[in-house]
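Reviewing the structure listed below.
All figures in this text were calculated on a predicted structure; none of them were measured in a lab.
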Amino acid sequence: MSDDFGMGAPLLWLSERFDLDRIVDGRYFVEFLAPRLGATQRRTAKRGPNKTPDFVARDATGVWHVIECKGTQSGLEYSTRQLGAAGPPPSGGIAQKRSIVFPAGHTGQRLVSGLQIGVPNGAPSSLTIVDPKPDEPFRVNEAEMTLADDAATRCVVSKALRQAGYETTAEAMASPHDNVFFAERRASKTFSDEAAETEQRDERAREELGSRERTIQFAENYVGRERQFLLPRPVLVGDMPAYRVILRQGLRKETIDEMQSQPSIEGLVSESGSSWASELGRNVSKGSEGFASMTIGKIFRSEIILER
């Protein structure tokens with residue numbers, strides 16, 4: 001839980017203050033870009049010196065920020081150790097070895113956040129954010145920023161599709177069958193008929209997007225899935241105990257219909273003619289007692305409802 005809140009709370013806070021419109025998994029960003037830029041890439045890892053930052057995020061002005069997140073319920077002292085120190089040697093989140101550097105005019109903040117989650121009869125919750133210097137960064141040049149934007153768009157839309165229950169379409173969005181994809185397949189000796197393989201995946205994606213078997217429609221024109229959970233013990237929202245959670249996540253129906261006609265986009269999404277690409281926008285979160293929603297532009301909506 002501390003990992004989930006350690007990412008979610010800082011991203012919400014930063015998204016509102018930096019007007020973020022693309023929040024991208026750092027590892028996906030580097031692994032998508034590196035082979036397409038001809039970069040020599042060391043193997044990425046979840047921990048240690050080859051670890052990529054948790055997220056890169058683009059704001060509404062086109063400036064990019066690099067974000068590393070830490071979370072704990074083990075007290076403020078442990079949270080401070082997670083953030084780390086400049087050293088030498090550097091430690092904790094500050095010892096980020098695989099940071100990403102963007103060209104002048106596109107470079108924003110490079111941040112490490114630490115969330116200390118309060119416990120009953122203990123210290124209250126606190127959020128700390130620091131700005132360390134990178135070491136051995138992954139560099140993106142000015143001429144490569146269009147591809148960086150494409151990686152960000154694909155990551156955001158792929159995650160939205162996956163959350164709404166469209167797994168095959170999410171894969172087609174995140175991993176296009178382009179020259180890089182098939183070059184890697186040939187190198188691993190899993191080469192097959194390229195055109196047939198792409199068409200088969202597109203057909204599965206069309207069937208998935210067209211099926212309404214396991215989907216619901218909510219908030220007028222969003223289509224996706226609903227999941228319900230019974231809590232092992234009640235959660236207090238104000239004075240109201242909640243025993244059940246309803247989670248709805250979906251994409252706008254018009255977006256799904258358009259994607260069904262073109263599940264795979266091999267080139268840049270921005271040059272595909274897809275109208276949904278221009279409807280991506282800021283993450284906006286709203287909430288009232290027992291209810292909260294989050295939207296990504298006009299294409300994705302998530303709702304959470306707490307019930308007695």
(message) Show, in sequence, the C-alpha distance, side-chain angles and deciding distance for E226 and Q228, and conclude whether the side-chain hydrogen bond (donor to acceptor under 3.5 Å, both in side chains) test is met.
(response) CA-CA 7 Å; E226 177 182 284; Q228 300 187 16; 2.9 Å; yes
(message) Quick one about Q163 and S302 (side-chain donor to acceptor, distance below 3.5 Å, no hydrogens or angles considered), yes or no?
(response) no
(message) Pairing donors with acceptors under 3.5 angstrom, does anything connect the side chains of S15 and R282?
(response) no
(request) Determine yes or no for a side-chain-to-main-chain donor-acceptor pair under 3.5 angstrom, with S261 supplying the side chain and E258 the backbone. (result) yes
(request) Could you grab the distance from atom OG of S275 to atom CD of E254, nearest 0.5 Å is fine? (result) 9.0 Å
(message) Please find the pair of heavy atoms, one from V156 and one from I23, that lie closest to each other, and give the distance.
(response) CG2-O, 3.6 Å
(message) Are I67 and P10 packed together at the side-chain level, in the sense that at least one heavy-atom pair is separated by less than 4.5 angstrom?
(response) no
(request) Evaluate the criterion side-chain contact (heavy atoms from CB on, under 4.5 Å) for residue pair F55 and L14; output intermediate values, then yes/no. (result) CA-CA 12 Å; F55 300 98; L14 291 168; over 6 Å; no
(message) Does the plane of the ring in F102 sit parallel, tilted or perpendicular to the ring in W64? Use 30° and 60° as the thresholds.
(response) parallel
(request) Taking N141 for its side chain and A143 for its backbone only, find out whether a donor-acceptor pair lies under 3.5 Å. (result) no
(request) Look up atom CG in L147 and atom CZ in R154, then write down how far apart they are to the nearest 0.5 Å. (result) 9.5 Å
(request) Check the hydrophobic clustering (I, L, V, M, F, W, Y; side-chain heavy atoms under 4.5 Å; chains of links allowed) and say if F300 and F218 are grouped together. (result) no
(message) Under 4.0 Å between a side-chain nitrogen and a carboxylate oxygen: does that hold for R201 and E197?
(response) no
(request) Verify the cluster assignment for Y166 and Y222: are they in a single hydrophobic cluster under the rule of side-chain heavy atoms below 4.5 Å apart? (result) no
(request) Locate the shortest heavy-atom distance separating G281 from I296; write the atom from each residue and the value. (result) O-CG2, 3.9 Å
(message) Between S211 (side chain only) and E208 (backbone N and O only), is there a donor and an acceptor less than 3.5 Å apart?
(response) no
(message) Clusters formed by hydrophobic residues whose side-chain heavy atoms approach within less than 4.5 Å: which one holds I305, and what are its other members?
(response) I246, F291
(request) Would you kindly confirm whether Y243 and F229 end up in one hydrophobic cluster when ILVMFWY residues are joined by side chain heavy atoms under 4.5 Å apart? (result) no
(message) According to salt bridge (Lys or Arg N to Asp or Glu O under 4.0 Å), who are the partners of E279, at least two apart in sequence or on a separate chain?
(response) R252
(message) With heavy-atom distances below 4.5 Å as the criterion, would you say the side chains of L251 and V223 are in contact?
(response) no
(message) Could you check whether E203 pairs with R206 (Lys NZ or Arg NE/NH1/NH2 to Asp/Glu carboxylate O, under 4.0 Å)?
(response) yes
(request) May I ask you to check whether Q217 and R212 show a side-chain donor-acceptor distance below 3.5 Å? (result) no
(request) Would you check if the side chain of S274 reaches a backbone N or O of W276 as a donor-acceptor pair within less than 3.5 Å? (result) no
(request) Measure the spacing between CD of Q249 and CG of L161 and express it to the nearest 0.5 Å. (result) 12.0 Å
(message) How close do Y28 and A151 get, counting heavy atoms only, and between which atoms?
(response) CE2-O, 3.5 Å
(request) Output the distance between atom OG1 (T168) and atom CZ (R162), rounded to the nearest 0.5 Å. (result) 9.0 Å
(request) Return the minimal non-hydrogen interatomic distance between L231 and A242, and the atom names on each side. (result) CD1-O, 3.4 Å
(request) Could you check if a side-chain atom of L306 sits within less than 4.5 angstrom of a side-chain atom of V245, using non-hydrogen atoms only? (result) yes
(message) With a 4.5 Å cut-off on side-chain heavy-atom distances among I, L, V, M, F, W and Y, is there a chain of contacts connecting L268 to F32?
(response) yes
(request) Report the distance from atom NZ of K298 to atom OG1 of T255, rounding to the nearest 0.5 Å. (result) 10.5 Å
(message) Using modelled atom types and a 3.5 Å cut-off, is there a donor and acceptor pairing between side-chain atoms of D150 and backbone atoms of V269?
(response) yes
(message) Go through it in stages, so that I can follow the logic: the residues are I216 and R225, the test is side-chain contact (heavy atoms from CB on, under 4.5 Å), and I'd like the CA-CA distance, side-chain angles, deciding distance and then a yes or no.
(response) CA-CA 6 Å; I216 64 159; R225 62 181 171 181; 5.8 Å; no
(message) Looking at E303 and R301, is any side-chain nitrogen of the basic one under 4.0 Å from a carboxylate oxygen of the acidic one?
(response) yes
(request) For the residue pair L20 and R58, establish whether any side-chain heavy-atom pair is separated by less than 4.5 Å. (result) no
(request) For the residue pair T128 and S113, establish whether any side-chain heavy-atom pair is separated by less than 4.5 Å. (result) no
(message) Are the side chains of H65 and V63 in contact, using a 4.5 Å heavy-atom criterion?
(response) yes
(request) Just do the side-chain contact (heavy atoms from CB on, under 4.5 Å) check on L280 and V157 with the steps written out, would you? (result) CA-CA 9 Å; L280 277 168; V157 176; 3.8 Å; yes
(request) Kindly compute the distance separating CG (D239) from CD (E289), expressed to the nearest 0.5 Å. (result) 8.0 Å
(message) Suppose we screen for salt bridge (Lys or Arg N to Asp or Glu O under 4.0 Å). Which residues come up paired with R244, at least two apart in sequence or across chains?
(response) E307
(request) Please answer: with hydrophobic residues joined when any side-chain heavy atoms are less than 4.5 Å apart, are L111 and W13 in the same cluster? (result) yes
(request) Give the minimum heavy-atom separation between E142 and A104, together with the two atoms involved. (result) OE1-O, 3.8 Å
(request) Determine the minimum heavy-atom distance between S264 and A172, stating which atoms define it. (result) OG-CB, 4.0 Å
